[in-house]
Protein chains: 2
Amino acid sequence: MQISDAEWQVMNLVWESSPVESNEVIEELAQLNNWSPATVKTMLHRLVKKGALKTESVGKKYLYRASVRRYDCVRRESRSFLERVFDGQAAPALMHFVKYAKLTPEEIAEIQELLDTKAAKKKDQWND
Amino acid sequence: MQISDAEWQVMNLVWESSPVESNEVIEELAQLNNWSPATVKTMLHRLVKKGALKTESVGKKYLYRASVRRYDCVRRESRSFLERVFDGQAAPALMHFVKYAKLTPEEIAEIQELLDTKAAKKKDQWND
DNA sequence: TCCTATCGTTTACGCCTGTAATCTAATTAC
DNA sequence: GTAATTAGATTACAGGCGTAAACGATAGGA
C-alpha cells in the first residue's frame, strides 16, 4: 500500500498521537501546511480507504488509529528511495547522508557505536 | 524539477553513460524493466520537456545528455525523503540504514572513517 | 525515385494526487 | 422542536504518472 507525500504528514501525526480525532489532525495540519479542513478530511478518508488508518466511532465522532506500523512504512519507503536514487545500495546513501547532513557530536557517536557493534557481529562467526 | 520513479531509471542510465542514443536506453530498459520501446520514448521525451535531458542531433538521431547534475537530484530527493519519512532528521535515518542494511566490513570501515573526520572537524574550532 | 524502416512527436487513457467544495446525517443549542 | 453546527461521505477537477499505440518525417536501400 502506497502512501503519498501529503498522506505521510497525516500518518506521522497519527502515529505520534494515536488515537486522534479528526479535529486535532485538521488543526495541526492547518497550521503546519496551510491545508483547508476539507483537504485534511480527504486525506483521512483516503487513508482509511487504503487501509492505513482505521476508525472507531465514539458517538458522533471517530477516533483514528494507524492500522499499519510505522516501521513497515518506513522500511518500504526507505527501500524504494534506495532503489530509485542509490541503485539499491545502502552504503553510498549512508556516505551521502554522513557527508552532507548536520550531525551533532552525540549523534555521530551514536552512529559510530552502532557501526561498531555491527562490525563486531560480522567478525563473530557464531553470530552471523 | 521533479523526477518520477520511472524517470529515475532513465536518468540513472543516462548519467552513467552519457551521451547515449535512444536505442541504448530502450534496449537496456526493455531488459531491466520489461518496458515497451514506446514507454521509454515517452520517458525520454518527458525528461527533455522538463529540462532534465537535452538532445544533440547527429544526423537522423539524437544523442541524449543529462542537463541536470546527478548530485543535485540526489540531494533534492534525499531531502524530500528525509522530510517525509524522518521528519527531516538525518540521524534517525542513518540509524535506520545502519541497523537494517547489509554492509560489508569494508563499507562499514569507510563510513566510520568519514564519521571520524566529521567528528574531528566538529571539535576543531578553526575548521568549523 | 519510391518504399520501408526508424526515430522522434502526438495522442490516449485510467489511476493517483493535491486541493477543495458540497451534501447529508446527526447532534447540540435555543 | 427547529435551527445551526459539525463530522464524515460524495463529488470535482486539473495535473502528473505509468504505460503504450498511432502518426509523421526522413534517410537509406532497391
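Note that these values count all heavy atoms, side chains included, but never hydrogens, waters or copies made by symmetry. Order of the sequence lines fixes the chain letters, A, B, ..., with proteins taken first and strands second; residue numbering starts at 1 for each chain.
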Between atom OH in B/Y64 and atom C1' in C/dG8, what is the gap in whole Å?
6 Å
Taking the side chain as C-beta and beyond, is there a heavy-atom pair between A/Q9 and A/W35 under 4.5 Å?
yes
Students often mix this up, so state it plainly: with edges at 30° and 60°, are the rings of A/H96 and B/Y71 parallel, tilted or perpendicular?
tilted
Determine whether A/Y64 and A/S22 satisfy the following criterion, side chain to side chain contact (heavy atoms under 4.5 Å, CB included), listing intermediate values before the conclusion.
CA-CA 7 Å; A/Y64 289 84; A/S22 59; 3.8 Å; yes
Any residue of residues 45-53 of chain A with a heavy atom less than 4.0 Å from an atom of DNA chain C:
A/R46, A/K50
Any idea which of D/dC17, D/dG8, C/dG18 is nearest the A/D5 side chain?
C/dG18
Within 6.0 angstrom of A/E24 CD, more than 12 heavy atoms from elsewhere
yes
Please list, in numerical order, the residues of residues 14-32 of chain B that have a heavy atom closer than 4.0 Å to any atom of DNA chain D.
none
For B/F86 and B/F81, take the angle between the two ring planes, folded into 0 to 90°, and tell me which bin it lands in: parallel under 30, tilted 30 to 60, perpendicular over 60.
perpendicular
Considering residues at least two apart in sequence or located in another chain, which fulfil the salt bridge (charged side-chain N to carboxylate O under 4.0 Å, His left out) criterion with B/E21?
B/K61
For the pair B/E107 and A/K118, find out whether any cationic side-chain nitrogen is under 4.0 Å from an anionic carboxylate oxygen.
no
For B/W35 and D/dG18, what is the distance between atoms CH2 and P respectively, to the nearest whole Å?
7 Å
To the nearest angstrom, the CD-P distance between A/Q2 and C/dC15 comes to 17 Å
B/G51 versus B/V68, closest heavy-atom pair with distance
O-CG1, 3.9 Å
Results of salt bridge (charged side-chain N to carboxylate O under 4.0 Å, His left out) for A/R84 - residues two or more places apart only
B/E77
Calculate the interatomic distance between A/M43 atom CE and C/dT19 atom C1'; express it in whole Å.
7 Å
Length of the CG-C1' vector between B/N34 and D/dA20, whole Å:
14 Å
Rounded to whole angstroms, how far apart are CD1 on A/I3 and P on C/dC16?
14 Å
Mind calculating the distance between CG (B/L44) and C1' (C/dT9) to the nearest angstrom?
13 Å
Report, one pair per line, the protein and nucleotides 21-24 of chain D atoms (nitrogen or oxygen only) whose separation is under 3.5 Å.
none

Please enumerate all residues that pass salt bridge (charged side-chain N to carboxylate O under 4.0 Å, His left out) together with B/R75, with sequence neighbours excluded.
none
